Each structure stands twice: as C-alpha cells, then as structure tokens.
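Computed over heavy atoms, backbone and side chain alike; hydrogens, waters and symmetry mates excluded. Note that the structure is a prediction, hence the values are computed from the model and not measured.
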Amino acid sequence: MKSAVKTPRGAKSRRQTREPPGRPAIAVAARKLFVERGYAGTTIEAIAQEAGYAAPTVYFHFGSKAAIVGYLIDEMEAGDIVPVFQKAMQQTNPLRMLEGTARIARISCEKWWDVFQVVRSAGRADAALSEASKKLDSGRLYGLRVFAEALERSGHLRAGLDATRATDIMWALASEDTYQRLVVERGWTQDEFEGWVGNCLKRELLRRR
C-alpha cells in the first residue's frame, strides 16, 4: 500500500469495480447452502437454482465453488476488516490501536463464522479451498504484522519484545481458535470476547505506564 496506513493485501472493495450484478447474488445463495448442506453437499446446480440463474451463469462468473468462497473472503476483508484496520492504524494512542485489533477479531468471526467453518473443514479435502485457507491466514498475519511493526516503531512495545514476537502474541490471542473456545464452546458474549482480547493485548504488548 502506498499510503502510511497500509491495507491488508488483496482487500479491494468491489464497489470500486464494475462488477456484474449476478456475482453477489450467487455468492449469497452459495453461502446459504454451504450452511444448510455443507460445502461438499452443495452443487453448482443447487447454487444456480437458489440464486435464480442457470448453472452455466454460475460457472461463467466463478468457475468453481472454491472461487465463490474466495469471493466471500474478499468481501469480508473489504467490507468489514479494512475499514476498522485503517481507522486503528490512524490512532496515535496504542490502546486504541489494540482495541481495533480486538474489534477486527470480533467482527470477522461474528459476521463470517460460517465462512471460516467452510474454509477450515472442507479445505482439508479440497485443494482449491485449501489455497483459500492459506490466503485467509496470510492476509490476517500480514495485518497483524503491520500493527506490531507500528507499535515497535513508536516505542510502545514492552521491554524485550520485538515486532515478530508481538505478531505471534496477537496471532494467538485475536484468533478464530480463541473465539471458538470462548464464544462458541463456552458461551461468552461478543462484547466479552472483544473486551477480553483487547485487555490481554494491552497487558502483553505495551510498556507499563
């Protein structure tokens, strides 16, 4: 990214492009069926019927189910992650920056948990979907590294901590795995999860005041 506030790689708003109107409708239909029938149990023909299009139209716009999942990941990044990321990176107060990190962890899981589940579960048996999983992880790791490097440059990291280790700490705490354990399995609220992650990041990463 050319500006001082970097954007996670690959995240580009589709509103900035001339996108055929059928693509969003097909993606919404596919997402609904992935939840209801599972990724493997959903066919292109079923997606086409749900979206109100012919199967060749789905193939024309996407080519495969994995490509639809990739589209959904791009939508998540452009619509929900990048705006919060950019706002957090504009903060001079490190507390607000880390609160932004926790916010991203919450929003991405709260609004896109079904997509995470498709990518992680079906990706084990689908090579193309496995690439989508790698892309998801790569984008997240990149964004966390940008946060960590900004904290290091500004001198806010606690003694003995560098950007690499700070990235690892954020990777572990602000993760879908943590969300799975606390929200899905233990019944924490979204607010509780976001607050806890933010407080943990502040304690683990920042210099004592």
Peer 1: Enter the distance from D80:CG to K111:NZ here, rounded to the nearest 0.5 Å.
Peer 2: 3.5 Å

Peer 1: For A66, does its backbone N or O pair with a side-chain atom of Y39 as donor and acceptor, under 3.5 Å?
Peer 2: yes

Peer 1: Are E50 and K32 close enough that some pair of their side-chain heavy atoms sits under 4.5 Å apart?
Peer 2: yes

Peer 1: Just to verify, what does K202 make a salt bridge (charged side-chain N to carboxylate O under 4.0 Å, His left out) with, not counting sequence neighbours?
Peer 2: E99

Peer 1: How long is the span from the OH atom in Y59 to the OG1 atom in T57, to the nearest 0.5 Å?
Peer 2: 12.0 Å

Peer 1: Report yes if the side chains of W113 and V184 come closer than 4.5 Å at any heavy-atom pair, otherwise no.
Peer 2: yes

Peer 1: Is there a donor-acceptor contact under 3.5 Å from the side chain of T101 to the main chain of M97?
Peer 2: yes

Peer 1: If we ignore hydrogens and angles and just use 3.5 Å, is the side chain of T178 paired with the main-chain N or O of A172 as donor and acceptor?
Peer 2: yes

Peer 1: Same cluster or not: are F60 and V28 linked, directly or through other Ile, Leu, Val, Met, Phe, Trp or Tyr residues, by side-chain heavy atoms under 4.5 angstrom apart?
Peer 2: no

Peer 1: Look up atom CZ in F147 and atom CD1 in I104, then write down how far apart they are to the nearest 0.5 Å.
Peer 2: 4.5 Å

Peer 1: Begin from the C-alpha positions of T167 and T164 and carry the test side-chain hydrogen bond (donor to acceptor under 3.5 Å, both in side chains) through to its verdict.
Peer 2: CA-CA 5 Å; T167 301; T164 299; over 6 Å; no

Peer 1: Is there a donor-acceptor pair closer than 3.5 Å between any side-chain N or O of D126 and the backbone N or O of A122?
Peer 2: no

Peer 1: Counting heavy atoms not belonging to R165, are there more than 12 under 6.0 Å from its CZ?
Peer 2: no

Peer 1: If you group Ile, Leu, Val, Met, Phe, Trp and Tyr by side-chain heavy-atom gaps below 4.5 Å, do V35 and I26 land in one group?
Peer 2: no

Peer 1: Could you give the distance from OG (S108) to CZ (R140), rounded to the nearest 0.5 Å?
Peer 2: 8.0 Å

Peer 1: Tell me whether M89 is reachable from L144 by hopping between hydrophobic residues (I, L, V, M, F, W, Y) whose side-chain heavy atoms are closer than 4.5 Å.
Peer 2: yes

Peer 1: Kindly say whether G38 contributes a backbone atom to a donor-acceptor pair with the side chain of T42 at under 3.5 angstrom?
Peer 2: yes

Peer 1: Is it true that a side-chain atom of R207 and a backbone atom of G155 form a donor plus acceptor pair closer than 3.5 Å?
Peer 2: yes

Peer 1: Roughly how far apart are T189 OG1 and E192 CD, rounded to 0.5 Å?
Peer 2: 3.5 Å

Peer 1: Taking side chain as C-beta onward, heavy atoms only, is V69 less than 4.5 Å from F34?
Peer 2: yes

Peer 1: Before accepting this row, confirm whether a basic side-chain N of the pair E176/R120 lies closer than 4.0 Å to the acidic partner's carboxylate O.
Peer 2: yes

Peer 1: Can you measure from CG (L72) to CH2 (W112) and round to the nearest 0.5 angstrom?
Peer 2: 5.5 Å

Peer 1: Answer yes or no: is there a side-chain heavy-atom contact under 4.5 Å between L136 and V115?
Peer 2: no

Peer 1: Taking C-beta and beyond as the side chain, do R145 and W171 meet within less than 4.5 Å on heavy atoms?
Peer 2: no

Peer 1: Judged by atom type as modelled, is there a donor-acceptor pair below 3.5 Å linking the side chain of R96 to the main-chain atoms of Q91?
Peer 2: no

Peer 1: Side chains of E194 and I107: closer than 4.5 Å at any heavy-atom pair?
Peer 2: no

Peer 1: Keeping S154 on the side-chain end and A150 on the backbone end, is there a donor-acceptor pair under 3.5 Å?
Peer 2: yes

Peer 1: Is the closest side-chain heavy-atom distance between V82 and Q86 below 4.5 Å?
Peer 2: yes

Peer 1: Is any side-chain heavy atom of L151 less than 4.5 Å from a side-chain heavy atom of L98?
Peer 2: yes

Peer 1: Under 6.0 Å between ring centres, would you say that holds for W188 and Y179?
Peer 2: no

Peer 1: Donor-acceptor pair, R23 side chain versus F62 backbone, under 3.5 Å?
Peer 2: no

Peer 1: Got more than 12 heavy atoms from elsewhere within 6.0 Å of CD, Q49?
Peer 2: no

